[in-house]
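Notes for the one structure printed next.
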Amino acid sequence: MTEPFRIRPAGDSGLVVEFTDRIDPAVSARVLDLDRAVTAAGIPGVLETLPTYRTLFVRIDPLAADPHGLERALSRLAAAARSDARPGRLWRVPVAYGGVHGQDLDHVAREKGLTTDEVVALHSGTVYHVYMLGFSPGFAYLGGLDPRLHISRRVNPRLRTPAGMVAIGGQQAAVQSVAGPSGWHILGRTPVRLFDMRRPAPFLIAAGARVAFVPIAAARFESLEARAERGE
């Protein structure tokens, strides 16, 4: 039986389709399936869609959209949204762990009763699901973190952390797209630019994609970072 959903207004230029109150891959699959369906339907007045953990935000042009017709269309598509996961594109993301690139690696290892090598092995030994992008442009929220690495966020957040930060907090992993504040525990850093306005498509990774982290040496990071800075 399909779980219920509801459609709620978001100001005068948006609607939110809300599925359940759980965060899990099946709910994410329904959100992403609805996202694809709304995009493919070409509904008049729909400007863009934004998938989150359990909702789809639909931004509309209130002067071009038929409110009642739009809600009926969204209801029909949401009712048909499937919860069987469709594997997304797999991205292999290089990460330099520890040292100047991962200031919290030693702390996390101590807190979890592990060696730093074990933390790296656990963190890089799984394939993560990208639930959503948010907080800053291209910031990727990842599900699938090994339970042995679940850890509360920092008591004192940092006011500035670098772009490419690869971190964990709570039950999640994340990759930070641009420099900014953070309360996550930094395990390493990637030279990959998740958000780069020089590219035709500025956002590299989309919700629904998969991410696998590949450990690299600090020297390799510097080489790749220089190439990324040049836009290669």
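Since the model is a prediction, treat every value here as computed from it, not as a measurement. Throughout, numbering of the chain's residues begins at 1 and tracks the sequence.
In the hydrophobic clustering of ILVMFWY residues, with side-chain heavy atoms under 4.5 Å counting as a link, I7 and V38 come out together. No continuous path of hydrophobic side-chain contacts links L145 to V27 [ILVMFWY only; heavy atoms under 4.5 Å]. A single hydrophobic cluster is seen to contain both M132 and I23, as judged by linkage of ILVMFWY side chains at heavy-atom distances under 4.5 Å, directly or through other members. Connection of V166 to I168 is established within a shared hydrophobic cluster, with ILVMFWY side chains joined at heavy-atom distances below 4.5 Å, either directly or through further cluster members.
Taking a 6.0 Å sphere around CD of E222, one finds it holds more than 12 heavy atoms contributed by other residues, nucleotides or ligands. Other residues, nucleotides and ligands contribute over 12 non-hydrogen atoms within 6.0 Å of the CZ atom of R198. For CG of L90, the number of neighbouring non-hydrogen atoms (other residues, nucleotides, ligands) closer than 6.0 Å is greater than 12.
Put simply, CZ on R110 and CG on L105 are 10.0 Å apart, with the number rounded to the nearest 0.5 Å. Expressed to the nearest 0.5 Å, how far CG of L187 lies from NE2 of H107 amounts to 10.5 Å. Here the CG-CG distance, from L133 to L194, works out to 8.5 Å after rounding to the nearest 0.5 Å. Within the model, atoms CZ of R154 and CG of D104 stand 5.0 Å from one another, a figure rounded to the nearest 0.5 Å. L32 CG to T49 OG1: the interatomic distance, rounded to the nearest 0.5 Å, is 10.0 Å. Atom-to-atom distance recorded for T126:OG1 and L149:CG is 10.0 Å, nearest 0.5 angstrom.
A donor-acceptor pair is defined here as one N or O able to donate and one able to accept, closer than 3.5 Å; no such pair exists between the side chain of S13 and the backbone of I60.
Using a 4.0 Å cut-off between a side-chain N of Lys or Arg and a carboxylate O of Asp or Glu, R36 and D33 qualify as a salt bridge.
Here side chain to side chain donor-acceptor pair (under 3.5 Å) pairs that include residues 179-190, with residues two or more places apart or in two chains, number zero. A salt bridge (Lys or Arg N to Asp or Glu O under 4.0 Å) check over residues 117-133, counting only residues at least two apart or in different chains, returns nothing. Listed by first and then second residue, the side chain to side chain donor-acceptor pair (under 3.5 Å) pairs that reach into residues 128-146 are S28-H129, S136-S177, D146-R148, sequence neighbours excluded. The salt bridge (Lys or Arg N to Asp or Glu O under 4.0 Å) analysis of residues 48-58, with sequence neighbours excluded, yields the pairs E18-R54, E48-R59. For residues 65-83, the set of pairs meeting the salt bridge (Lys or Arg N to Asp or Glu O under 4.0 Å) definition, not counting sequence neighbours, comprises R82-D84.
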List the steps, then state whether side chain to side chain contact (heavy atoms under 4.5 Å, CB included) holds for L204 with R199.
CA-CA 9 Å; L204 185 65; R199 291 193 297 253; 3.5 Å; yes

Using the rule given for side chain to side chain contact (heavy atoms under 4.5 Å, CB included), can you reason through V58 versus I43, listing the C-alpha separation, both sets of side-chain angles and the distance that settles it, and then say yes or no?
CA-CA 11 Å; V58 181; I43 304 170; over 6 Å; no

Please walk me through it: do V31 and T52 pass side chain to side chain contact (heavy atoms under 4.5 Å, CB included)?
CA-CA 7 Å; V31 172; T52 72; 5.7 Å; no

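Ring geometry for H123 against F213 counts as parallel: the plane angle stays under 30°, on a 0 to 90° scale with 60° as the upper cut.
Results of the side chain to side chain contact (heavy atoms under 4.5 Å, CB included) test with P51 over V17, L34, L56 single out L56 as the only residue that passes.
Every residue was checked against the salt bridge (charged side-chain N to carboxylate O under 4.0 Å, His left out) condition with R220, not counting sequence neighbours, and none meets it.
Using a 4.5 Å heavy-atom cutoff, the side chains of L224 and P94 are in contact.
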